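These figures come from a predicted structure and were not determined experimentally. As a basis for the values below, the full set of heavy atoms in this structure was taken, side chains included, without hydrogen atoms, waters or symmetry mates. Residue numbers run from 1 in the order of the sequence given.
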Amino acid sequence: MEYVLETEALTKVYGKARVVKEVDMHVERGSIYGFIGKNGAGKTTFMRMVAGLAAPASGFMTLFGSKELEKQRVRIGTLIESPGIYPGMTARENLEILRLSLGITEKGRVEEMLLMAGLSDAGKKKVKHFSMGMKQRLGIAIAMLRNPDFLILDEPINGLDPAGIKEIRDLLLKLNREKQITILISSHILGELSKIATHYGIIREGALIEEFEAKELELRCRRCQKLSVDNTEQAARILEEVLHIRNFDVPKPGTIRIFERLEDLAETNRVLVQNGIALSESYLAGQDLEGYFMELLGNDGNGK
């Protein structure tokens, strides 16, 4: 497994408050990692530490497999909090100033970024007259100016209308698929995040409580009858041979999830018990993505 970012017990303290608590994060090369947490959970602070904008109190990190962080950070593009733009200038002027300040000699780089961000037709329009979506796309163009391998984006779709959200989503998918750019993105719009993320990390009160892949999330949210039994092997045999149920799995000993005939819970329970299975739990499990995330986060899923 090749990681663009790996942290070990990364911690940040402000005064007496630990706002990021011993976070172990693993961002695979080529992934879109959705970083989810409530307001004040520590997402922005964590991203700032990775980008070198804040110093950790303790812990370690590697970037692209190296501990030479400053050397590797030139391969990172960031959009954390508000993009640093000059509102009285055009998108082209903003990018040109940054190109010169970064010492980028390729003059065509600005036009390339405008085209990528869908801002080639913005012309002489000042940034102060841009829509929120246009400003966010300009922010991503700025983050991409050095041709990074890793993008860190903090709430890039926050405050956008549906059309603006789709524009950003399509842009990020294009960058990931066509340029193989790894993306770490935070968002509280969980339904939208689920359309692009390949991996997830859940942060709660400064601690990363869980990491998982998108395919695992789909399985966790899938509607099923969940059973707790004393004899998994015998119960599985009864499901197949007596009830003719094939669509089930055994995530761990003592637990069975059935994905069919969910209207017949009572009948399934009755047959299992009649055949000698001690059944301690039987209930419908699974929910939509929003509900699942909210349960993990504790009540509501909004946040930074």
A.B. asks: Should Lys166 and Asp170 count as an ion pair when the cut-off is N to O under 4.0 Å?
C.D. replies: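 Result for this pair is yes, salt bridge flagged.
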A.B. asks: When you measure from the side chain of Arg257 to the backbone N and O of Asp249, does any donor-acceptor pair fall under 3.5 Å?
C.D. replies: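 Checked: no pair found.
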A.B. asks: Please check: side-chain N/O of Thr268 versus main-chain N/O of Asp264, any donor-acceptor pairing under 3.5 Å?
C.D. replies: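 Yes; at least one donor-acceptor contact below 3.5 Å.
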A.B. asks: Checking the side chain of Thr182 only, and the main-chain atoms of Phe150 only, is there a donor and an acceptor separated by less than 3.5 Å?
C.D. replies: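 Pair absent, no side-chain N/O of Thr182 close to backbone of Phe150.
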A.B. asks: Within the structure provided, determine whether Ile258 and Leu227 are in side-chain contact (heavy-atom separation under 4.5 Å).
C.D. replies: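 Yes, side chains in contact.
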A.B. asks: For the hydrophobic clusters of this structure (ILVMFWY residues joined by side-chain heavy atoms under 4.5 Å, transitively), does one cluster hold both Leu100 and Leu95?
C.D. replies: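 In one cluster with Leu100: Leu95, no.
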A.B. asks: Using side-chain hydrogen bond (donor to acceptor under 3.5 Å, both in side chains) as the criterion, list what pairs up with Gln72, not counting sequence neighbours.
C.D. replies: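 Only Arg75 meet the side-chain hydrogen bond (donor to acceptor under 3.5 Å, both in side chains) criterion with Gln72.
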A.B. asks: Val271 pairs by side-chain contact (heavy atoms from CB on, under 4.5 Å) with which of Leu239, Ile277, Ile238, Ile245?
C.D. replies: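 With Val271 as partner, side-chain contact (heavy atoms from CB on, under 4.5 Å) holds for just one option, Ile238.
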A.B. asks: Would Ile202 end up clustered with Met25 when hydrophobic side chains under 4.5 Å apart are linked, directly or stepwise?
C.D. replies: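 They do not share one cluster, since no chain of ILVMFWY contacts under 4.5 Å joins Ile202 to Met25.
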A.B. asks: Looking at Arg177, I'd like to know if its CZ atom is crowded, meaning that more than 12 non-hydrogen atoms belonging to other residues, nucleotides or ligands lie closer than 6.0 Å.
C.D. replies: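 Result for CZ/Arg177: open.
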A.B. asks: Say whether, by atom type as modelled, one donor and one acceptor occur between the side chain of Thr90 and the main chain of Glu93 under 3.5 angstrom.
C.D. replies: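 Yes, Thr90 side chain to Glu93 backbone: donor-acceptor pair under 3.5 Å.
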A.B. asks: Does Glu106 come within less than 4.0 Å of Arg99, counting only side-chain N to carboxylate O?
C.D. replies: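 The answer is no: the pair does not qualify as a salt bridge.
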A.B. asks: Given the rule in the salt bridge (Lys or Arg N to Asp or Glu O under 4.0 Å) test, do Lys226 and Glu281 qualify, once you have shown the distances and angles that lead to the verdict?
C.D. replies: CA-CA 8 Å; Lys226 196 168 186 180; Glu281 277 189 313; over 6 Å; no
A.B. asks: Under 4.5 Å between side-chain heavy atoms, counting indirect links through other Ile/Leu/Val/Met/Phe/Trp/Tyr residues: same cluster for Ile152 and Leu193 or not?
C.D. replies: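 Ile152 and Leu193: separate clusters.
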A.B. asks: Do Ile97 and Met89 come close enough that some side-chain heavy atom pair is under 4.5 Å?
C.D. replies: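 Yes. Closest side-chain heavy atoms under 4.5 Å.
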A.B. asks: Please examine the side chains of Val4 and Glu28, heavy atoms only from C-beta on, and report whether any two atoms are closer than 4.5 Å.
C.D. replies: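 No; the side chains remain at least 4.5 Å from each other.
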A.B. asks: State, yes or no, whether a side-chain contact exists between Glu192 and Arg169 at a heavy-atom distance under 4.5 Å.
C.D. replies: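 Heavy-atom side-chain distance check passes, below 4.5 Å.
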A.B. asks: Would you find a donor on one side and an acceptor on the other, under 3.5 Å apart, between the side chain of Ser66 and the backbone of Leu63?
C.D. replies: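 Between the backbone of Leu63 and the side chain of Ser66 there is no qualifying donor-acceptor contact (under 3.5 Å).
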A.B. asks: Answer yes or no: does atom CD of Glu233 have more than 12 heavy-atom neighbours from other residues, nucleotides or ligands under 6.0 Å?
C.D. replies: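 No, the 6.0 Å shell around CD holds no more than 12 heavy atoms from other groups.
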A.B. asks: Indicate yes or no for a side-chain donor-acceptor contact from Thr198 to the backbone of Ile196 under 3.5 Å, with no hydrogens or angles considered.
C.D. replies: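 Pair absent, no side-chain N/O of Thr198 close to backbone of Ile196.
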A.B. asks: Are the side chain of Asp230 and the backbone N or O of Gly254 linked by a donor-acceptor pair below 3.5 Å?
C.D. replies: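 Not at all, since once roles are kept as given, no pair shorter than 3.5 Å links the two residues.
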A.B. asks: Glu260 side chain to Arg246 main-chain N or O, any donor-acceptor pair under 3.5 Å?
C.D. replies: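 Yes: the side chain of Glu260 pairs with the backbone of Arg246.
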A.B. asks: Is the backbone of Tyr86 close enough, under 3.5 Å, to the side chain of Asn94 for a donor and an acceptor to pair up by distance?
C.D. replies: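 Indeed, once roles are kept as given, a pair shorter than 3.5 Å links the two residues.
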A.B. asks: Within 45° of the ring axis of Phe46 and under 6.0 Å from its six-membered ring centre, is that where the NZ or CZ of Lys12 lies?
C.D. replies: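 So Lys12 doesn't make the cation-pi contact.
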A.B. asks: Would you find a donor on one side and an acceptor on the other, under 3.5 Å apart, between the side chain of Ser228 and the backbone of Ser280?
C.D. replies: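 Judged by distance alone, no pair lies under 3.5 Å.
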A.B. asks: Around atom CD of Glu205, are there more than 12 heavy atoms of other residues, nucleotides or ligands at under 6.0 Å?
C.D. replies: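 No - once you tally the heavy atoms of other residues, nucleotides and ligands closer than 6.0 Å, there are 12 at most.
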A.B. asks: Tell me whether the count of non-hydrogen atoms from other residues, nucleotides or ligands lying under 6.0 Å of NZ in Lys71 goes above 12.
C.D. replies: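 At most 12 heavy atoms, drawn from other residues, nucleotides or ligands, come within 6.0 Å of this atom.
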A.B. asks: Glu211: what forms a side-chain hydrogen bond (donor to acceptor under 3.5 Å, both in side chains) with it, not counting sequence neighbours?
C.D. replies: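 Checked Glu211 against side-chain hydrogen bond (donor to acceptor under 3.5 Å, both in side chains); matches are His26, Tyr33.
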A.B. asks: Are Leu243 and Val229 grouped together when hydrophobic residues (ILVMFWY) are joined by side-chain heavy atoms under 4.5 angstrom apart?
C.D. replies: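 Shared cluster, yes.
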A.B. asks: Give the cluster check for Ile183 versus Phe212: same hydrophobic cluster or not, with ILVMFWY residues linked at side-chain heavy-atom distances below 4.5 Å.
C.D. replies: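 Yes, it is one cluster - the side chains of Ile183 and Phe212 are joined through contacts under 4.5 Å.
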